[in-house]
Amino acid sequence: MLAPQGRLFGTNGVRFIPGVTGDMNFALKLAESIGTYFAEGEILVGRDGRLTGQMMFSAVTAGLMSSGRNIAESDMCPTPALQFATKALGYRGSVMVTASHNPAQYNGVKVMGPDGVEISRLDEQRIEKIFHDGSANKANWKNVGTTRPEPSVIRTYINGIMSRVNSKLIQERRLRVVIDAGNGAQSLAAPYLLEALGCKVITINAIIDGNFPGRGPEPHPDNLRDLTVAVRASNADLGVGYDGDGDRSIFCDEAGNLYWGDQTGALLADYLLERNPSSTVVTPVSSSQVIEAVAKRRGAKVIRTRVGSVDVSRTIMERKALMGFEENGGGFFPSHLPTRDGGMTTALLLEVMATRAAPLSRLIAAAFPKYYEAKLKVPVDPSKVREIMRAIERMGNGKVEKVDGVKIWVDEKTWALIRPSGTEPIVRVFVESETKEKADATAKKFAKAVKAA
Ligand code: MG
């Protein structure tokens, strides 16, 4: 058996390269451990459009049934659709075969509880223990699980979103939207959702292809140029790019300006807080300071978490927050689903545009002041990371936050976040300030300090 070394679960489920860092014997044994952990009830299984998807799906369903679990098989679908259907259709849990935004060679699994949310770190460790102990259930021929199709995952998801936004108002506006699905799983849901919301939909890269030939599976302001061109060429009101499994969304306005997720996230927060003042918004330490300005105006509270969608989800649930968002395009709306969902984020942004009856560029400009960012990566010797971080911390003399890495407030409106990468021998330097020059200069200063430490 070819299996990943050490911990199986990373920051976002289990990920590996089939045939290189893990094989189908591994996938099957992992699924037997997951089935044993669930112990009872029916498990919903889905997958996105990766080249190894069908193979992995077969191994995962075989493993779950071998452990005695009954399963329901979804067609290909976005991760948030499977998560929402898990909850809405009353499953004991679900398993999604996906590697989200990772390059084409990767695949993996995400495990969700009955609420559609990724299981806790503790439960991940329970599954790892079953896996390593070899204590998974192996049902005999009379007791293996049953299987049946579950054809209504995407329909349930689309209906769920439509019931949580002001569909009638959005329909009346007849907005034009360009979708860049990145050859990923939202190809199967977002165009139909937006058509149901009365939008005129134009699609690019909206054919599922596990080679991700369009622009790769990760939406990023640097690779969404085709989207901005299509928005301008078609006089659209909005453009949206999704990641491979459809839980993240990056938007551009009618003029083709792209926004990071913390800018559109802050606009959505402003809109929701206007209706629900004194609520709580959750976002990682790396998001723009504009959310504090928005929250102050609305009498709301901001909770900063470590970087990572599971941290945001768990904090939203613990603190009964109104919403959460991430700079990389994650939007979390717990009245729908406390995990990120690109489809729900898009529908809600359309509701903001319909309600406030103004182009997105103007809505963003009106909601908060403009800040500039600078990002640098510094290669480091992994054995020196602790020493480097201690040296950086000493530079803070005053306002230092240590939620994740070291965040130093250089002045009232300038911060620098210095974080070692979890997966590569690099330290990331991320700065936000009121001018581009100051952001660049501050990032250079800290990058130099990381090198010198
Ligand atoms: Mg994803």
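Whatever order the structure lists ligands and atoms in, that order sets their numbers, starting from 1. Counting begins at 1 with the first residue of the sequence.
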Item checked: For the Mg ion (ligand 1), the closest N/O/S atom belonging to Asp247 -> OD1
Margin query: With respect to the Mg ion (ligand 1), please indicate if Thr79 possesses an N, O or S atom at a distance under 2.8 Å.
Written below: no
Next item on the list: Using only N, O or S atoms, tell me which atom of Asp243 is closest to the Mg ion (ligand 1).
Entry: OD2
Notebook entry, point to check: What is the distance from atom CG of Asp48 to atom CD of Gln186, rounded to the nearest 0.5 Å?
Noted result: 11.0 Å
Margin query: Is the positively charged end of Lys129 above the ring of Phe131, judged by distance under 6.0 angstrom from the centroid and angle within 45° of the axis?
Written below: no
Item checked: Asp245: its N/O/S atom lying closest to the Mg ion (ligand 1) (atom name) -> OD1
Checklist line | Geometric cation-pi criterion, Arg215 with Phe212: 6.0 Å, 45° | finding: no
Margin query: Counting the benzene-type ring for Trp, do Phe26 and Phe16 have ring centres under 6.0 Å apart?
Written below: yes
